[in-house]
Amino acid sequence: MLRCIACDREIPDGIRYTCDCGGLLEVRYDLAATGASKEAFASRPPGVWRYRELLPVAPDVTPVSLEEGNTGLHRCKRLASELGSGPLWMKNEGENPTGSFKDRGMTVGVTVARELGASFVGCASTGNTSASLSAYAARSGMRCLVILPVEKIAKGKLSQAIAHGAEIIGIEGGFDVAMRLIKEACDRYDIYLLNSLNPYRLEGQKTLGFEVVEALGWEVPDWIVLPVGNAGNISAIWKGLKELRELGIIDRLPRMAGVQAAGAAPIAAMVREGRDDFAPVLAPETLATAIRIGNPVNWPKAIRAIKESNGTALAVSDESILSAQRRLARQEGLFVEPASASPIAGLEALLEEGTIGADERVVCVTTGTGLKDPNIVIDRYPDPIVRIDADIEEIGKVIAHERS
Ligand code: F0G
């Protein structure tokens with residue numbers, strides 16, 4: 001069953017992305033009837049489908065899967081001590097099969113697509129969504145159309161869509177234009193839309209929160225800090241954790257902090273200015289291309305998550321994102337893409353302004369691997385490579401210099 005978050009209307013399951021009133025849809029369960037429990041989860045291996053009582057797929061359906069989820073929750077003591085934060089963990093979503101958290105949504109979204117009889121799926125993307133959808137479409141033998149702001153996509157992500165055989169349309173405008181076009185294309189040409197406007201896809205993404213609390217022994221952190229682009233993930237994680245609390249599996253909820261890049265921060269602006277009206281950013285710009293989005297479709301769900309959780313949103317500069325990326329790589333061995341480093345930049349600012357206390361337990365979500373966007377490092381970091389003649393004496397000189 002689907003339910004409109006704006007007018008509360010219930011809508012039967014089917015190919016539907018928004019309500020007649022224009023509101024966003026979410027999947028509703030009769031939670032008590034699902035049979036979800038810690039024991040039921042523990043009877044299955046780790047990963048997205050461990051939590052299948054809380055996923056919108058019948059028990060006898062074999063999912064379209066690449067064994068997604070079960071990503072590491074890494075305690076980061078060195079970084080915590082440098083930032084002056086309490087216990088800190090990274091939920092490192094770059095460990096998913098296509099290198100980002102999107103796989104959690106796509107295993108569910110593409111499985112539902114197949115159950116609904118779709119044979120052609122599509123999305124607009126800043127890169128990761130298209131990489132993930134093209135892989136899952138390939139695995140299930142579906143056609144896949146992706147519309148991309150092709151000049152602003154990290155090459156690793158584009159190479160994935162090409163490798164998996166997606167039909168790729170590159171446009172001049174940004175993600176927001178691509179999003180508008182794919183919605184129209186899906187309506188007109190009978191393509192199943194798998195952006196995070198799709199309520200079933202978001203159900204897969206909520207398992208990220210389930211894994212966090214399960215890994216902490218069903219304890220809930222004080223904060224979950226994550227990047228916000230099209231605003232699906234923050235909404236999904238919040239929805240899932242509310243369901244766990246309703247079921248009595250956890251006894252409290254975290255506060256949600258959404259981090260945006262300063263040049264693409266309409267949700268942070270709304271929250272920080274205390275406004276209820278949403279104003280899109282018309283020409284979003286940031287080197288964190290994954291979250292270069294000015295008109296996030298899920299903003300009402302994200303604002304709800306932030307308000308209900310007594311959370312916050314904030315904008316961070318590109319420079320602070322780069323510096324957070326470098327710190328995480330050098331202090332904790334985790335190489336993440338710029339968008340994924342934004343929560344660390346955000347955490348630093350939230351600690352500084354006192355929103356997050358120095359004794360609070362914080363989980364940051366690093367949403368995607370750094371390997372997809374190598375040019376950021378190669379072009380933007382100072383070049384550390386010492387070029388010498390192939391000679392052992394020269395190496396000795398370099399080492400002596402580094403030691404001095
Ligand atoms: N981090 C990464 C690495 C992303 O790729 C995205 C979104 C986000 C964070 C933001 O998540 O949209 O749920 O708020 N990327 C989308 C894409 C837009 O097309 O790959 P969100």
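Indexing begins at 1, ligand by ligand and atom by atom, following the structure's order.
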Of all the atoms in ligand 1, which lie at a distance below 4.0 Å from a heavy atom belonging to Pro227?
1 (N), 9 (C)
Near Val228, which atoms of ligand 1 are under 4.0 Å from a heavy atom of that residue?
14 (O)
Beyond-backbone contact of Tyr200 with Leu55, side-chain heavy atoms, under 4.5 angstrom:
no
Just wondering, are more than 12 heavy atoms of other shown residues or ligands nearer than 6.0 Å to CG in Asp187?
yes
Just let me know how Glu337 lines up against ligand 1, side chain, backbone, both or neither, with a heavy-atom cut-off below 4.0 Å.
side chain
Find out whether Phe335 and Gln325 are in side-chain contact, i.e. whether some heavy atom of one side chain is under 4.5 Å from a heavy atom of the other.
yes
So is Ile293 touching ligand 1 or not, going by heavy atoms under 4.0 Å?
yes
Checking the N or O distance criterion of under 3.5 Å, is ligand 1 in contact with Ser125?
yes
Could you tell me the residue and atom name of the protein heavy atom closest to atom 4 (C) of ligand 1, and the distance to it rounded to 0.1 Å?
Ala290 CB, 3.6 Å
Kindly compute the distance separating NZ (Lys183) from CG (Leu193), expressed to the nearest 0.5 Å.
8.5 Å
Only heavy atoms count here, so choose which of Ile234, Ile291, Asn233 is nearest to atom 13 (O) of ligand 1.
Asn233
For ligand 1, which atoms, with element, lie under 4.0 Å from some heavy atom of Asn128?
2 (C), 3 (C), 4 (C), 5 (O), 20 (O)
Would you say Arg252 has more than 12 foreign heavy atoms packed within less than 6.0 Å of its CZ?
yes
Any chance CD of Glu67 has more than 12 other-residue heavy atoms, nucleotides or ligands included, within less than 6.0 Å?
no
Relative to the heavy atoms of Thr129, which atoms of ligand 1 are at a distance of less than 4.0 Å?
16 (C), 17 (C), 19 (O), 20 (O)
Scanning both residues in full, the closest heavy-atom pair of Ser132 with Met106 reads OG-CG, 3.1 Å
Looking only at heavy atoms, is any part of Lys102 under 4.0 Å from ligand 1, and if so is it the side chain, the backbone, or both, or is it neither?
side chain
Which is closest to atom 21 (P) of ligand 1 by heavy-atom distance: Ala154, Ser342, Ser132, Ala231?
Ala231
Ion pair check, Arg327 and Glu332, cut-off under 4.0 Å
no
Specify the protein heavy atom at minimum distance from atom 1 (N) of ligand 1: its residue, its atom name, and the distance to 0.1 Å.
Thr367 OG1, 2.7 Å
Over all atoms of both residues, closest heavy-atom pair of Ala315 and Ala268:
N-CB, 3.7 Å
What atoms of ligand 1 come within less than 4.0 Å of a heavy atom belonging to Gly232?
13 (O), 14 (O), 21 (P)
Going by the atom numbers of ligand 1, which of them fall below 4.0 Å from some non-hydrogen atom of Asn230?
12 (O), 14 (O), 21 (P)
N/O separation below 3.5 Å, Thr126 to ligand 1:
yes
Return the closest protein heavy atom for atom 11 (O) of ligand 1 as residue, atom name and distance.
Phe101 CZ, 3.5 Å
Closest heavy-atom contact between Leu148 and Leu158?
CD1-CD1, 3.7 Å
For atom 10 (C) of ligand 1, grab the closest protein heavy atom and report residue, atom and distance to one decimal in Å.
Gly229 N, 3.4 Å
Does NZ or CZ of Arg143 fall inside the cone over Phe120's six-membered ring, less than 6.0 Å from its centre and within 45° of the axis?
yes
